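In listed order, ligands and their atoms are each counted from 1. Given the structure is predicted, the values throughout are model-derived calculations rather than measurements.
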Amino acid sequence: MKIDILTLFPESFSYLNSSILKRAQESGKIEINIIDIRAFSLDKHKKCDDYPFGGGAGMLMMVQPVYDAVKSVLDENATIVMPSPSGKTLNVESVKQLSKQEHIIFICGHYEGLDQRIIDIFHPMEISIGDYVLTGGELPTMVIVDALSRFVSGVISEESLKEESFSSGKLEYPQYTRPADFMGYKVPDVLLSGNHAEIEKWRKKQAIEKTKAVRPDLLK
Ligand code: ADE
């Protein structure tokens, strides 16, 4: 899968070069390109934002640099995504859907947002990561890329995907590693028993109890 990220703040994306996402890129499962929108500005000072027509708070990203940046990476297989608080809220289904795309272009808005003509020209999928407003599309883009990468074949083990929260409509059961006793806080005996049927039963029960307590809406 190929991912192009268009942004005015390329330095924000160092997170994508660590841990699992770093390995996914090194092994060629995912290609991530960070594209600096400012490089496309025709203005001699590389200006990319301006005041909104009609007045109002803050600055808007100008149409020309964003348009040219999108055109530089666009092909017929590309899905264009624009993180936005007014988009549809991301969930495990939309993440899985995105993970099947061949090529995704993310447009990161910043300041008060983008000139509407970018939306009218490219019709991006607008995706929200929750009902609150962030300062830009950079963090939501990283959230979406991280979440979808986990569903790209070979990035993490099939087993991890099967057992995780939301895959079964329930939250994940508690997990422990060594030592079995830390300052008197003990690992539940059943996990040390070697009885796999009992362990399975215990985990299912814990998952249901946790979901009931924290996210009863998932059990409906
Ligand atoms: N940009 C600013 N806030 C956002 C949010 N909640 N989700 C996606 N993109 C955003």
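- By the 3.5 Å distance cut-off applied to N or O atoms, L134 is counted among the residues near ligand 1.
- Only the backbone of I127 comes within 4.0 Å of ligand 1, counting heavy atoms alone; no side-chain atom from C-beta on gets that close.
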Practice task
Go through the steps for E198 and K201 under the test salt bridge (charged side-chain N to carboxylate O under 4.0 Å, His left out), then give the verdict.
Solution key: CA-CA 5 Å; E198 281 304 311; K201 224 163 83 186; 3.4 Å; yes
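- For R23 and E26, the salt-bridge test fails: no basic side-chain N is under 4.0 Å from an acidic carboxylate O.
- Nearest to atom 10 (C) of ligand 1 among the protein's heavy atoms is P85 CD, 3.5 Å.
- Residue Y176 places its OH atom among more than 12 non-hydrogen atoms of other residues, nucleotides or ligands, all under 6.0 Å distant.
- An N or O contact shorter than 3.5 Å links I129 to ligand 1 by distance.
- In terms of protein heavy atoms, atom 6 (N) of ligand 1 is closest to Y132 O, 2.8 Å.
- Looking at L21 and D146, their side chains come closer than 4.5 Å, going by heavy atoms from C-beta outward.
- The shortest N/O to N/O separation between P140 and ligand 1 does not fall below 3.5 Å.
- Residue contact check: G136 has heavy atoms under 4.0 Å from atoms 1 (N) of ligand 1.
- Judged as a ring-ring contact (aromatic ring centres under 6.0 Å, His included), the pairs with a partner in residues 65-102 (not counting sequence neighbours) are, in order, Y67-F122.
- Those atoms of ligand 1 that come under 4.0 Å of a heavy atom in V133, given as number and element, are 3 (N).
- Closest protein heavy atom to atom 9 (N) of ligand 1: S84 N, 3.0 Å.
- Using cut-offs of 30° and 60° for the angle between ring planes, the F9 and Y111 rings count as perpendicular.
- Ligand 1 lies out of reach of T135, whose nearest heavy atom is not under 4.0 Å from it.
- Heavy atoms of G109 come nearer than 4.0 angstrom to ligand 1 in no pair at all.
- One distance of note links CG of D4 with CD1 of I34; it measures 9.0 Å at 0.5 Å rounding.
- Close approach of ligand 1 to G130 (heavy-atom distance below 4.0 Å) involves ligand atoms 6 (N).
- Between L148 and I104, some side-chain heavy-atom pair lies under the 4.5 Å cut-off.
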